[in-house]
Amino acid sequence: MIEALKNIGFVVTERLERKELSSDLQNRYSELPVEYQEFLQRFQTITNESDNVWFNSIEDFNGESDSGFRWNEFELMGLDALKDDEESCDMIRQFWDNHIPILMSVKDGYRYLSIDLSPENYGKIYYGVEPEFEESAEMVCDSFNHLLEMLSSNEKEDILTNFK
């Protein structure tokens, strides 16, 4: 699938040696789908040519990348905006505890794709957009591999346009 992403214009820096996710991330997201874990081992960076769309990498998740945009930036933005509303902050944390952001876009506003890790929707891919990242969440497809196929085949072009 890395080749398919290259074929549609993504710039890929492939990973040369295995790297582990931090224990903090593994504790928060202990049930990542196997296909996604395998995908993370294949690259260090994947961005579009304009560098305004990217897949979060192990380095991003571990806080080791030079990106000015943190992997959980949208969660942090929501928590900061609603810091005086404890109930809303709890809802934001709960949402992101069940949705790991995997693909980010700042191309035309802030957008993300995430994997749902909740038991009832495990593995499904969700799309969200600013300003209410959590409330805007909409299912895109049933699995990470299906998402990669959709990106490379232009399926669901309306949603995925901002992720290329």
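Position 1 is the first residue of the sequence; numbering continues from there. Reckoned from all heavy atoms, side chains included, excluding hydrogens, waters and symmetry mates.
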| field | E35: side chain to side chain contact (heavy atoms under 4.5 Å, CB included) partners, not counting sequence neighbours | value |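 By the side chain to side chain contact (heavy atoms under 4.5 Å, CB included) rule, E35 matches P33, S143, F144, N145.
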
| field | Closest approach of H146 to C141 (non-hydrogen atoms, all atoms of both residues) | value |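 Nearest pair, atom of H146 first, then C141: ND1-CB, 3.3 Å.
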
| L21 to L40 - nearest heavy-atom pair and separation |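 Nearest pair, atom of L21 first, then L40: CD1-CD1, 4.2 Å.
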
| query | Do the side chains of I46 and F39 get nearer than 4.5 Å, heavy atoms only? | reply |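 Yes, side chains in contact.
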
| Taking side chain as C-beta onward, heavy atoms only, is W96 less than 4.5 Å from E134? |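 Yes, at least one pair of side-chain atoms sits under 4.5 Å.
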
Distance-only, no hydrogens or angles: does the [X] side chain make a donor-acceptor pair with backbone N or O of [Y] under 3.5 Å?
X	Y	value
N48	V53	yes
N27	S23	yes
D60	S57	yes
Y112	F133	yes
N52	V106	no
N62	E20	yes
K107	S50	no
Q41	E38	no
N56	P101	yes
S136	V129	yes

Distance from [X] atom [atom1] to [Y] atom [atom2], nearest 0.5 Å?
X	Y	atom1	atom2	answer
S152	K164	OG	NZ	8.0 Å
N162	Y127	CG	OH	6.0 Å
L25	L32	CG	CG	6.5 Å
Y122	I115	OH	CD1	8.0 Å
D108	T161	CG	OG1	10.0 Å
L79	D90	CG	CG	9.5 Å

| message | Y126: which residues meet the ring pair (Phe, Tyr, Trp, His ring centres under 6.0 Å) condition with it, sequence neighbours left out? | response |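 Result, ring pair (Phe, Tyr, Trp, His ring centres under 6.0 Å) vs Y126: H99.
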
| query | Looking at residues at least two apart in the chain, or sitting in another chain, which of them share a ring pair (Phe, Tyr, Trp, His ring centres under 6.0 Å) with F69? | reply |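 Testing F69 for ring pair (Phe, Tyr, Trp, His ring centres under 6.0 Å), a comparison that skips the adjacent residues, returns W54, F74, Y110.
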
Kindly check if the number of other-residue, nucleotide or ligand heavy atoms within 6.0 Å of [atom1] ([X]) is above 12?
X	atom1	result
Q94	CD	no
E87	CD	no
E31	CD	no
M91	CE	no

| query | So, D116 and S118: side-chain donor and acceptor under 3.5 Å apart, yes or no? | reply |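 There is such a pair between these side chains.
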
| query | Partners of D97 by side-chain hydrogen bond (donor to acceptor under 3.5 Å, both in side chains), sequence neighbours excluded? | reply |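 D97: side-chain hydrogen bond (donor to acceptor under 3.5 Å, both in side chains) contacts with R28.
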
| task | Not counting sequence neighbours, which residues clear side-chain hydrogen bond (donor to acceptor under 3.5 Å, both in side chains) with E132? List them please. | result |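 E132 satisfies side-chain hydrogen bond (donor to acceptor under 3.5 Å, both in side chains) with no residue once adjacent residues are dropped.
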
| message | I'd like to know if R15 and E59 make a salt bridge, using a cut-off of under 4.0 Å between side-chain N and carboxylate O. | response |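 Yes, this pair counts.
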
| task | Could you tell me whether E17 and K19 have a side-chain N and a carboxylate O separated by less than 4.0 Å? | result |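 K19 and E17: not salt-bridged.
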
| Taking the six-membered ring for Trp, is the centroid-to-centroid distance between F61 and Y29 below 6.0 Å? |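 No, they do not, as the ring centres are separated by 6.0 Å or more.
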
| Verdict with reasoning, L160 to L113, per side-chain contact (heavy atoms from CB on, under 4.5 Å) | CA-CA 9 Å; L160 297 179; L113 293 175; 3.9 Å; yes

| task | Test E14 against K6 for salt bridge (charged side-chain N to carboxylate O under 4.0 Å, His left out), laying out the working first. | result | CA-CA 11 Å; E14 294 191 39; K6 287 180 183 179; 2.7 Å; yes

| said: According to salt bridge (Lys or Arg N to Asp or Glu O under 4.0 Å), who are the partners of E135, at least two apart in sequence or on a separate chain? | reply: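 With sequence neighbours excluded, E135 shows a salt bridge (Lys or Arg N to Asp or Glu O under 4.0 Å) to no residue whatsoever.
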
